[in-house]
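Before any comments, here is the structure.
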Protein chains: 2
Amino acid sequence: MALEHAILVSLLEKPGSGYELARRFDRSIGYFWAATHQQIYRVLKRMEGDGLIDAREVAQQDRPDKREYSVAAPGREALSQWLHEPIEPESVRHELAVKIRGAAFDDPAALIHEVERHRKAHADRLAHYLAGERRDFTGPEAPRALDAGRELQHVVLRGGIAYERMTLDWLDDVIATLERLAPPHAGAAR
Amino acid sequence: MALEHAILVSLLEKPGSGYELARRFDRSIGYFWAATHQQIYRVLKRMEGDGLIDAREVAQQDRPDKREYSVAAPGREALSQWLHEPIEPESVRHELAVKIRGAAFDDPAALIHEVERHRKAHADRLAHYLAGERRDFTGPEAPRALDAGRELQHVVLRGGIAYERMTLDWLDDVIATLERLAPPHAGAAR
DNA sequence: CTTGTCTATGCAACGAGTTGCATAGAAGGA
DNA sequence: TCCTTCTATGCAACTCGTTGCATAGACAAG
């Protein structure tokens with residue numbers, strides 16, 4: 001039930017509606033825990049029923065009303081408890097890796113375009129992270145004082161940056177390997 | 001349905017029973033696509049029903065009989081088709097990152113032990129990968145000839161190694177950040 | 001002699017996650 | 001005027017994945 005905890009963290013950082021949470025999950029916290037609006041609305045309902053969060057109807061002009069959620073005391077308690085529980089180190093799920101191994105039983109060259117497409121997606125994400133870092137953490141208005149929330153957001157973002165850089169290097173290695181196995185000018189390897 | 005495809009790849013590399021596949025998913029291919037025996041048995045049933053794989057009862061002495069599966073022609077076809085379809089670049093799911101951001105609303109120092117535990121798990125996995133690489137890809141009996149299956153398994157393993165190295169570096173950064181936020185000797189940051 | 005581990009397979013129930021669809025008002029462009 | 005986009009919420013159906021439990025023979029340790 002990590003989505004529940006991700007929502008608690010996000011609502012502690014700033015209260016918001018289901019829709020707003022879905023937007024945040026498309027950026028920021030969602031880089032490390034993706035979720036669709038369906039999931040979010042469903043879980044918000046359950047969490048409100050369990051008393052973890054409070055809802056407040058907010059009338060708006062020029063747009064539909066919204067339900068703004070904020071963390072209640074039991075929600076803070078639940079998060080704190082979760083933080084003190086150990087979790088299992090993640091097992092990665094890398095569909096592309098399965099494809100690469102599968103390419104041995106098909107045409108390796110046919111995968112090159114697909115890998116290049118992934119490379120581009122990761123390059124874009126890296127550029128996006130770096131822009132966010134410049135904007136939020138190294139700008140002139142970046143406070144010098146030790147702010148736990150900021151520091152922790154920054155270290156998580158550094159993790160995202162390191163991940164994308166590593167992935168780009170690896171995908172270059174993959175492309176080089178695929179090209180070696182299926183040289184464009186010579187015949188295929190026996 | 002990537003599990004289906006991971007199973008096809010694994011069975012093409014070597015036919016085997018559900019139990020044997022579950023073992024392989026605990027190592028090798030499972031490093032990039034984890035699965036429990038329950039999932040595997042269920043999907044094998046479905047795939048046999050769909051004609052993607054063939055089953056063969058194998059009597060054994062001193063242990064229970066097993067059903068050995070191998071890939072049928074339609075299975076090869078299905079894999080090939082999947083390889084030619086584009087897939088979405090993965091979105092990572094990193095529960096630890098959620099915890100780290102959550103630590104801003106709790107005691108950051110309390111997370112240090114948890115992060116160190118994860119660091120150790122990743123260090124172990126890296127050592128395991130490196131041992132596998134030495135054994136299978138750089139030993140004296142490693143063939144020099146260009147073998148697509150070997151090369152592709154190796155490049156995927158290199159990806160795993162790069163991932164673990166990156167993760168170790170990042171976790172060191174996380175630990176340093178947490179310690180900075182909660183120095184063991186001085187008072188807590190305001 | 002009992003307990004635990006390994007091979008081998010499976011059911012049942014539940015929870016998590018995805019996909020398609022629906023509603024509804026306002027704004028902006030073709 | 002119509003079409004699309006944005007905000008905002010939700011239902012229904014489905015697939016995927018996890019957890020607990022069960023069976024069953026062989027073997028090893030205590």
Side-chain angles (χ1 to χ4, degrees), chain A residues 1-8 11 15-27 29-30 32-50 52-53 55-69 82 87-95 98, chain B residues 1-7 11 15-27 29-30 32-50 53 55-69 82 87-95 98:
Chain A
M1 273 192 254
L3 177 54
E4 209 170 281
H5 302 115
I7 287 174
L8 287 172
L11 287 181
S17 67
Y19 186 84
E20 283 160 358
L21 280 171
R23 294 297 116 247
R24 288 186 218 168
F25 273 76
D26 287 344
R27 326 180 302 278
I29 199 154
F32 310 99
W33 201 269
T36 63
H37 78 277
Q38 293 300 344
Q39 258 179 288
I40 290 168
Y41 282 121
R42 203 178 333 117
V43 173
L44 282 172
K45 279 257 151 82
R46 193 186 62 213
M47 290 169 75
E48 193 191 352
D50 294 346
L52 301 179
I53 54 177
R56 185 170 75 90
E57 298 285 338
V58 178
Q60 298 184 113
Q61 57 190 33
D62 298 352
R63 48 177 74 179
D65 296 356
K66 63 176 180 178
R67 287 173 66 76
E68 194 177 78
Y69 292 97
W82 175 68
I87 50 173
E88 282 303 296
E90 319 276 320
S91 48
V92 185
R93 295 212 140 185
H94 214 316
E95 210 174 348
V98 177
Chain B
M1 272 191 255
L3 178 55
E4 207 170 282
H5 301 115
I7 287 175
L11 287 181
S17 68
Y19 186 84
E20 283 160 357
L21 279 171
R23 295 295 116 247
R24 287 184 217 172
F25 273 76
D26 288 342
R27 326 182 301 278
I29 199 153
F32 309 99
W33 201 269
T36 62
H37 78 277
Q38 293 301 343
Q39 258 179 288
I40 291 167
Y41 281 120
R42 199 171 345 110
V43 173
L44 281 172
K45 278 259 152 81
R46 193 186 62 215
M47 290 169 75
E48 194 191 352
D50 293 346
I53 53 177
R56 187 170 74 90
E57 299 286 338
V58 179
Q60 298 183 109
Q61 57 190 35
D62 299 352
R63 47 178 73 178
D65 296 357
K66 64 176 180 178
R67 287 173 66 75
E68 193 177 78
Y69 292 96
W82 175 69
I87 50 173
E88 281 305 295
E90 320 277 320
S91 45
V92 184
R93 296 214 139 184
H94 213 317
E95 211 174 348
V98 177

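Order of the sequence lines sets the chain letters (A, B, ...), proteins ahead of strands, with each chain counted from 1. No hydrogens, no waters, no symmetry mates; every other heavy atom, side chains included, goes into these values.
Distance, A/R23 CZ to D/dT5 P: 14 Å, rounded to whole Å. A straight line from CD of B/E4 to P of D/dG17 spans 11 Å, rounded to a whole angstrom. The separation between A/I7 atom CD1 and C/dG17 atom P is 10 Å, rounded to whole Å. Per the geometry, NZ belonging to B/K66 stands 10 Å off C1' belonging to C/dA8, to the nearest Å. We find that OH of A/Y69 is positioned 11 Å from C1' of D/dG10, with the value rounded to whole Å. Spacing between atom CZ of B/R67 and atom C1' of C/dT7 amounts to 17 Å, rounded to whole angstrom units. Between the CG atom of A/L3 and the C1' atom of D/dC16 there is a distance of 16 Å, given to the nearest Å. Residue B/E20 contributes atom CD, which lies 10 Å from atom C1' of C/dT7 at whole-angstrom precision.
The side chain of B/S17 contributes an N or O atom lying less than 4.0 Å from OP1 or OP2 of C/dT9. An OP1 or OP2 oxygen of D/dT18 is reached within less than 4.0 angstrom by a side-chain nitrogen or oxygen of B/Q39. Contact annotation: B/Q60 reaches the phosphate of C/dA8 (side-chain N/O to OP1 or OP2, under 4.0 Å). An OP1 or OP2 oxygen of C/dG17 is reached within less than 4.0 angstrom by a side-chain nitrogen or oxygen of B/R93. Put simply, A/Y19 has no side-chain N or O that comes within less than 4.0 Å of OP1 or OP2 on D/dT9.
For A/D26, the salt bridge (charged side-chain N to carboxylate O under 4.0 Å, His left out) test picks out A/R23, with sequence neighbours left out. Applying the side-chain contact (heavy atoms from CB on, under 4.5 Å) test to A/E90 and every residue at least two apart in sequence or in another chain returns B/H94, B/E95. Scored by the ring pair (Phe, Tyr, Trp, His ring centres under 6.0 Å) test, A/Y19 finds no partners at all (sequence neighbours excluded). In terms of the side-chain contact (heavy atoms from CB on, under 4.5 Å) criterion, residue partners of B/A35 (sequence neighbours excluded) are, by chain and number, B/L3, B/F25, B/Q39, B/I40. With sequence neighbours excluded, the residues that form a salt bridge (charged side-chain N to carboxylate O under 4.0 Å, His left out) with B/R56 are B/E68. The side chain to side chain donor-acceptor pair (under 3.5 Å) test applied to A/R46 returns A/E4, not counting sequence neighbours. Listed by chain and residue number, B/R67 satisfy the salt bridge (charged side-chain N to carboxylate O under 4.0 Å, His left out) test with B/E57 (two or more places apart in sequence, or in another chain).
Toward the 5′ end of DNA chain C lies the nearest nucleotide of B/H37, the other residue of the pair B/H37 and A/A35 mapping further downstream.
When all heavy atoms of A/R24 and A/P15 are compared, the pair lying nearest together is NH2-O, 3.1 Å. Taking all atoms of both residues into account, the shortest heavy-atom contact from A/L44 to A/I7 is CD2-CG2, 3.9 Å.
One N or O donor and one acceptor, one from the side chain of A/Q38 and one from the base of D/dG10, sit under 3.5 Å apart.
A distance of 10.5 Å separates NE2 in A/H37 from CZ in A/R42, rounded to the nearest 0.5 Å.
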What does nucleotides 24-29 of chain D look like as a protein-contact string, B for base, S for sugar-phosphate only, - for none, at under 4.0 angstrom between heavy atoms? --SS--
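At a non-hydrogen distance threshold of 4.0 Å, B/Y41, B/K45 from residues 40-50 of chain B come into contact with DNA chain C.
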